[in-house]
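Presented below is the structure to which this report refers.
Please read these numbers as outputs of a predicted model, since none were measured by experiment. Naming: A, B, ... by sequence-line order, numbering from 1 per chain.
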Protein chains: 2
Amino acid sequence: MTSMQRDTRTAILDAAQELIQTHGANGMSYQSISRVVKIRKASIHYHFPSKDKLIEEVIRRYSREFLGLVDGILVSSDSAPGKLRRYIGLFETTLRNGAGRRVCLCGMLGAELASLGNPAVSLLRRFYRDNAKRLARILEDGRKTRTLSFDGDPETMGELIFSFLEGAMPVARADGGVKGFGRMTGQLLRNLGL
Amino acid sequence: MTSMQRDTRTAILDAAQELIQTHGANGMSYQSISRVVKIRKASIHYHFPSKDKLIEEVIRRYSREFLGLVDGILVSSDSAPGKLRRYIGLFETTLRNGAGRRVCLCGMLGAELASLGNPAVSLLRRFYRDNAKRLARILEDGRKTRTLSFDGDPETMGELIFSFLEGAMPVARADGGVKGFGRMTGQLLRNLGL
DNA sequence: GTCTATAGCGCGATAGAC
DNA sequence: GTCTATCGCGCTATAGAC
């Protein structure tokens, strides 16, 4: 292991992630990665033996980082509405930083579910559940403190809001952009009593 | 034009649509179509000169048929909540008929936006707007008749609900299935005062 | 209208030199 | 760790026979 390995490995993961978020798993190839990272496509196999393994690593890293940010929001001293706003902000940031061309990694891969291996599908399912569960905690907290209002159980409401956010990203990318996304999330918050 | 042309053309469109809804545009190939329709892959080019044109035709037909069903709901004598339930039912039927593996054609293609030609992207954008607009009409009607309750303008609410439905299909396909989809849409209706 | 044959490219993956 | 070279496959698309 030379001093460059970690950096090359990270650079490959970065390139793969961005390519998946913009073009999908089928639009991400060893060739396209080699154009971004200054390395020959055959060399990528040294770091990631197969494309399936590479995709799994990208999902794992993305899930870890994203849920880490979410947990940071959960343990903060913000009000429930504040936490919800910050949670939605994570999705908006993805759209904004990608110049309106990047969507959630796991939302994109959800569309390509049939092309993925079983390990990747399991990782996606876990990402969905973990997000819905954390949203449910915020919602339950908000209802208790009477700062958020909605009907039905918080778990299902968490699933609903998560699905909406995953759907709103590709829709906004095609029409409305970051502005359209913000309009929709604003409407959501308004209907939660904010 | 022999007597078979229309049927072959339709069979190709049917196969292409189903393949896109399950595997995406990148997972739909002339080869995979030829496996379903009993025809050689080169022969497909007689009916659709390029893959881009084929995709455009599939979107056009899907939009026409889907919006036709929606318009049928709009002109019916159902109450606004009844219309909304039937509209949501169109999405649930897609998921159910595809054995939980098929999502909305235009939701799938929205994820693959970067791989599509400009005409296809414009058709998608129109589909999104047309759906949101029709939802807005149902919502406005429901608010006037006090059968649906929500805050903010109906247009934005229409965009929100449409994005939710497009997001809920791939999420439910990965986790929860038709049952999970129904749970989320039930929660939505509950929060609109039903 | 449908066929066979093929061009031309990009893909994932491997072998082996350095 | 990265390279060159190559294999075998699937892809879109075209030419030309029938």
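When the side chains of ILVMFWY residues are joined at heavy-atom separations under 4.5 Å, either directly or via intervening members, A:L69 and A:L135 end up in a single hydrophobic cluster.
Between B:S43 and C:dG1 there is no side-chain N or O to OP1 or OP2 distance below 4.0 Å. For A:Y46 and D:dG1, the shortest distance from a side-chain N or O to OP1 or OP2 is below 4.0 Å. Listed pair A:Y30 / C:dG12 fails the phosphate criterion, with no side-chain N or O lying under 4.0 Å from OP1 or OP2. Of the side-chain N and O atoms in B:H45, none sit less than 4.0 angstrom from OP1 or OP2 of C:dT2. Considering only side-chain N and O atoms, A:T8 lies nowhere under 4.0 angstrom from the phosphate OP1 or OP2 of D:dG1. One finds a side-chain N or O of A:S29 lying less than 4.0 angstrom from the OP1 or OP2 phosphate oxygen of C:dC11.
In this structure, B:F127 has its ring center closer than 6.0 angstrom to the ring center of B:F66.
Rounded to an integer number of Å, the gap from A:M28 CE to C:dG10 P is 18 Å. Taking atom CD1 of residue A:I44 and atom C1' of nucleotide D:dC3, one finds them 13 Å apart after rounding to whole Å. When rounded to the nearest whole Å, the span between CD1 of A:I39 and C1' of D:dC3 equals 10 Å. Rounding to whole angstrom units, CG of residue B:N26 and P of C:dC11 are separated by 11 Å. In this structure, A:D7 places its CG atom 10 Å from P of D:dT2, rounding to the nearest Å. Remark: C1' of D:dG16 and CZ of B:R40 are 17 Å apart, rounded to the nearest angstrom. For the pair A:K51 NZ and C:dA13 C1', the computed distance is 13 Å after rounding to whole Å. Protein atom NZ of B:K38 is 18 Å distant from nucleotide atom C1' of C:dG1, rounded to whole Å.
Shown here is A:R86, whose CZ atom has more than 12 heavy atoms of other residues, nucleotides or ligands within 6.0 Å. Residue B:R101 places its CZ atom among 12 or fewer non-hydrogen atoms of other residues, nucleotides or ligands, all under 6.0 Å distant.
Residue A:I59 is tested with A:L123, A:I20, A:V121 for a side-chain contact (heavy atoms from CB on, under 4.5 Å); the sole match is A:L123.
If you check D:dA13, C:dT4, C:dG1 against the side chain of B:H47, the one that comes closest is C:dG1.
When the nearest nucleotides of DNA chain C are assigned to B:K41 and A:S32 by heavy-atom distance, the more 5′-ward of the two goes with B:K41.
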